[in-house]
Asker: 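This structure is in structure tokens; I'll ask about it shortly.
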Amino acid sequence: MKMTPFRLTAVLALLVSPAISAAADYPEHPISMIVPFAAGGPTDVVARSLANEMGKVLKQTVVVENKTGAGGTLAAGYVASSKPDGYTIFLHHTGMATAPALYSKLRYDPLKSFEYIGEVVDVPMTLMARSDLPPNTFKEFVDYAKANGDKINLANAGPGAVSQLCGSLLQQAMGVKFTTVPFQGTGPAMTALMGKQVDVLCDQTTQTLPHIAAGDLKFYGVTTPERLKQLPDAPTLDEQGLKGFDVKVWHGLYAAKGTSPEAIGKLNEALKVALKAPAFVDRMEKLGAQIVSEDRQTPESLQKWLQAEVAKWGPVLKAENISVN
């Protein structure tokens with residue numbers, strides 16, 4: 001039977017209308033926000049605060065699910081292979097950019113397997129030392145490091161962790177070589193530092209601010225070019241001679257490749273509103289986390305930033321001969 005233009009149009013409308021309706025009604029049930037690290041950790045704290053505020057905007061519960069293992073790659077692979085319907089989103093940090101250089105057999109491509117929703121927060125790092133390490137200032141630490149070299153134990157949270165990246169750049173910038181001691185996360189690394197089992201650690205302000213306030217560890221400086229609002233009198237490493245030194249933990253929000261533009265648009269709008277919510281702003285300020293500027297809260301900005309970070313950290317990891325498999 002020959003189909004008239006009118007009938008063809010009607011058939012096409014019937015085929016397309018359910019998809020349009022689904023996009024218009026999104027979200028119709030709870031959304032899962034996948035976090036690649038353990039509950040209670042720095043990224044998880046950001047995720048739970050963000051999920052709560054985004055849920056209010058979307059009028060659906062956003063449930064945080066922790067899928068740990070393999071430096072975040074298990075969770076990333078899970079999201080990449082999930083149904084691209086907007087009901088599974090992914091909060092990850094700088095590890096999204098280091099994975100290609102660390103893992104030779106990824107189940108996904110960080111640059112091609114996801115849709116981008118937007119950047120979230122940056123968390124500066126701080127350089128800390130055990131309380132009885134002789135140097136009291138960063139200048140004294142530089143002299144001490146050059147005199148003692150590999151006698152100094154530098155803790156980190158394992159290959160590819162931002163604490164490890166920070167330590168690698170620190171050694172390169174100072175022209176020294178420490179003995180690195182990897183742990184299964186910054187929590188155990190901090191415990192070892194507090195217990196004077198290791199000497200030095202780069203760690204996020206989300207974990208170090210209480211120790212800085214208490215004075216139970218030595219604090220040598222901030223790893224970002226700008227001083228922290230929470231520590232206005234604390235000099236940065238850049239100010240103290242390591243020009244251009246800039247290491248921070250940045251966070252981005254993603255969905256599986258193929259998620260509809262309509263769903264991404266609603267998620268992005270919810271993200272932008274959440275980042276202005278007083279409760280979220282207050283929580284991040286107390287953690288020392290910095291909410292990104294509005295121009296960075298877009299899918300386009302996150303995509304460009306991830307591309308730049310992959311290009312930045314790949315050579316650093318290769319120069320240090322750091323890989324997982």
Side-chain angles (χ1 to χ4, degrees), residues 37-38 40-43 68 71-72 93-95 98 102 123-224 228 231 234-237 240-242 245 247-249 287-288 313 316-317 319-324:
F37 307 109
T43 302
T68 64
H93 65 22
T94 312
T98 60
L102 283 171
V123 182
M125 306 284 282
T126 51
L127 180 62
M128 312 294 294
R130 57 181 169 85
S131 59
D132 60 347
L133 197 70
N136 292 311
T137 66
F138 181 68
K139 183 180 183 304
E140 292 177 1
F141 175 68
V142 172
D143 295 336
Y144 181 83
K146 290 183 177 179
N148 290 276
D150 60 7
K151 295 178 183 177
I152 297 173
N153 292 322
L154 173 67
N156 65 48
V162 183
S163 57
Q164 184 270 322
L165 299 175
C166 180
S168 294
L169 281 185
L170 182 68
Q171 293 174 85
Q172 291 176 17
M174 293 172 61
V176 297
K177 192 69 175 178
F178 300 140
T179 296
T180 57
V181 183
F183 290 83
Q184 294 295 317
T186 52
M190 179 59 74
T191 299
L193 188 67
M194 293 287 292
K196 303 176 183 177
Q197 298 165 347
V198 293
D199 301 316
V200 188
L201 170 68
C202 282
D203 199 6
Q204 302 179 48
T205 54
T206 48
Q207 184 159 254
T208 62
L209 284 181
H211 296 293
I212 295 171
D216 51 18
L217 291 171
K218 288 191 175 179
F219 168 50
Y220 292 145
V222 179
T223 66
T224 49
L228 299 184
L231 302 168
T236 68
L237 297 186
Q240 298 180 87
L242 296 189
F245 196 88
V247 181
K248 60 195 172 192
V249 183
L287 293 172
W313 291 114
V316 172
L317 292 165
E320 293 284 313
N321 196 30
I322 298 170
S323 63
V324 177

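The structure displayed is predicted, hence computed values, not measured ones.
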Asker: Please tabulate, for the side chains in residues 153-169, all donor-acceptor contacts under 3.5 angstrom to protein atoms that are two or more places apart in sequence or on a different chain.
Answerer:
from, atom 1, to, atom 2, distance (Å)
Asn156, OD1, Gly158, N, 2.8
Ser163, OG, Ala157, N, 2.8
Gln164, OE1, Gly160, N, 3.2
Gln164, NE2, Ser168, OG, 2.8
Ser168, OG, Gln164, O, 3.1

Asker: If you look at every heavy atom in Phe178 and Gly149, which pair is closest and at what distance?
Answerer: CD2-O, 3.5 Å

Asker: First locate atom CD of Gln197, then atom CZ of Phe183, and finally report the distance between them rounded to the nearest 0.5 Å.
Answerer: 6.5 Å

Asker: Please evaluate residues Val316 and Gln172 with respect to the criterion side chain to side chain contact (heavy atoms under 4.5 Å, CB included), reporting the C-alpha separation (whole Å), side-chain torsions for both, the decisive distance (0.1 Å), and the verdict.
Answerer: CA-CA 10 Å; Val316 172; Gln172 291 176 17; 4.2 Å; yes

Asker: Does the side chain to side chain contact (heavy atoms under 4.5 Å, CB included) test come out yes or no for His93 and Phe37, once each step is laid out?
Answerer: CA-CA 10 Å; His93 65 22; Phe37 307 109; 3.4 Å; yes

Asker: Can you find a heavy atom in the side chain of Val200 that is under 4.5 Å from one in the side chain of Leu133?
Answerer: yes

Asker: What's the spacing between Lys177 NZ and Lys146 NZ if we round to 0.5 Å?
Answerer: 16.0 Å

Asker: Listing request: all salt bridge (Lys or Arg N to Asp or Glu O under 4.0 Å) pairs with a residue in residues 123-133, at least two apart in sequence or in separate chains.
Answerer: Arg130-Asp132, Arg130-Asp199

Asker: Quick test of your reading: applying salt bridge (Lys or Arg N to Asp or Glu O under 4.0 Å), list the pairs with at least one residue in residues 147-169, sequence neighbours left out, ordered by first then second residue.
Answerer: none

Asker: Mind checking the CG-CE spacing from Asp216 to Met128? Nearest 0.5 Å is all I need.
Answerer: 7.5 Å

Asker: So which atom in Gly288 and which in Thr205 form the shortest heavy-atom distance, rounded to 0.1 Å?
Answerer: O-OG1, 3.3 Å

Asker: Tell me the closest heavy-atom pair linking Thr68 and Ala38, and the distance in Å.
Answerer: CG2-N, 3.5 Å

Asker: Start with the C-alpha distance between Leu231 and Leu209, add both sets of side-chain angles, then the distance that settles side chain to side chain contact (heavy atoms under 4.5 Å, CB included), and finish with yes or no.
Answerer: CA-CA 9 Å; Leu231 302 168; Leu209 284 181; 3.7 Å; yes

Asker: Could you tell me the separation between the CG atom of Leu170 and the OH atom of Tyr220, rounded to the nearest 0.5 Å?
Answerer: 11.5 Å

Asker: With a 4.5 Å limit on heavy-atom distance, are the side chains of Met190 and Leu217 in contact?
Answerer: yes

Asker: Would a 4.5 Å heavy-atom cut-off, applied to side chains only, mark Pro124 and Leu228 as touching?
Answerer: yes

Asker: How far does CD of Gln171 sit from CD1 of Ile152, to the nearest 0.5 angstrom?
Answerer: 9.5 Å

Asker: Could you tell me the separation between the CZ atom of Phe245 and the OG1 atom of Thr224, rounded to the nearest 0.5 Å?
Answerer: 10.5 Å

Asker: Closest heavy-atom contact between Gly187 and Gln207?
Answerer: CA-OE1, 3.9 Å

Asker: For residues Glu140 and Pro134, report the shortest heavy-atom separation together with the two atoms involved.
Answerer: OE1-O, 4.4 Å

Asker: Mind listing the closest non-hydrogen atom pair of Val222 and Phe219 along with its distance?
Answerer: CG2-CZ, 3.9 Å

Asker: Out of the candidates Thr236, Leu242, Leu237, only one should pair with Thr223 under the side-chain contact (heavy atoms from CB on, under 4.5 Å) rule; please name it.
Answerer: Leu237

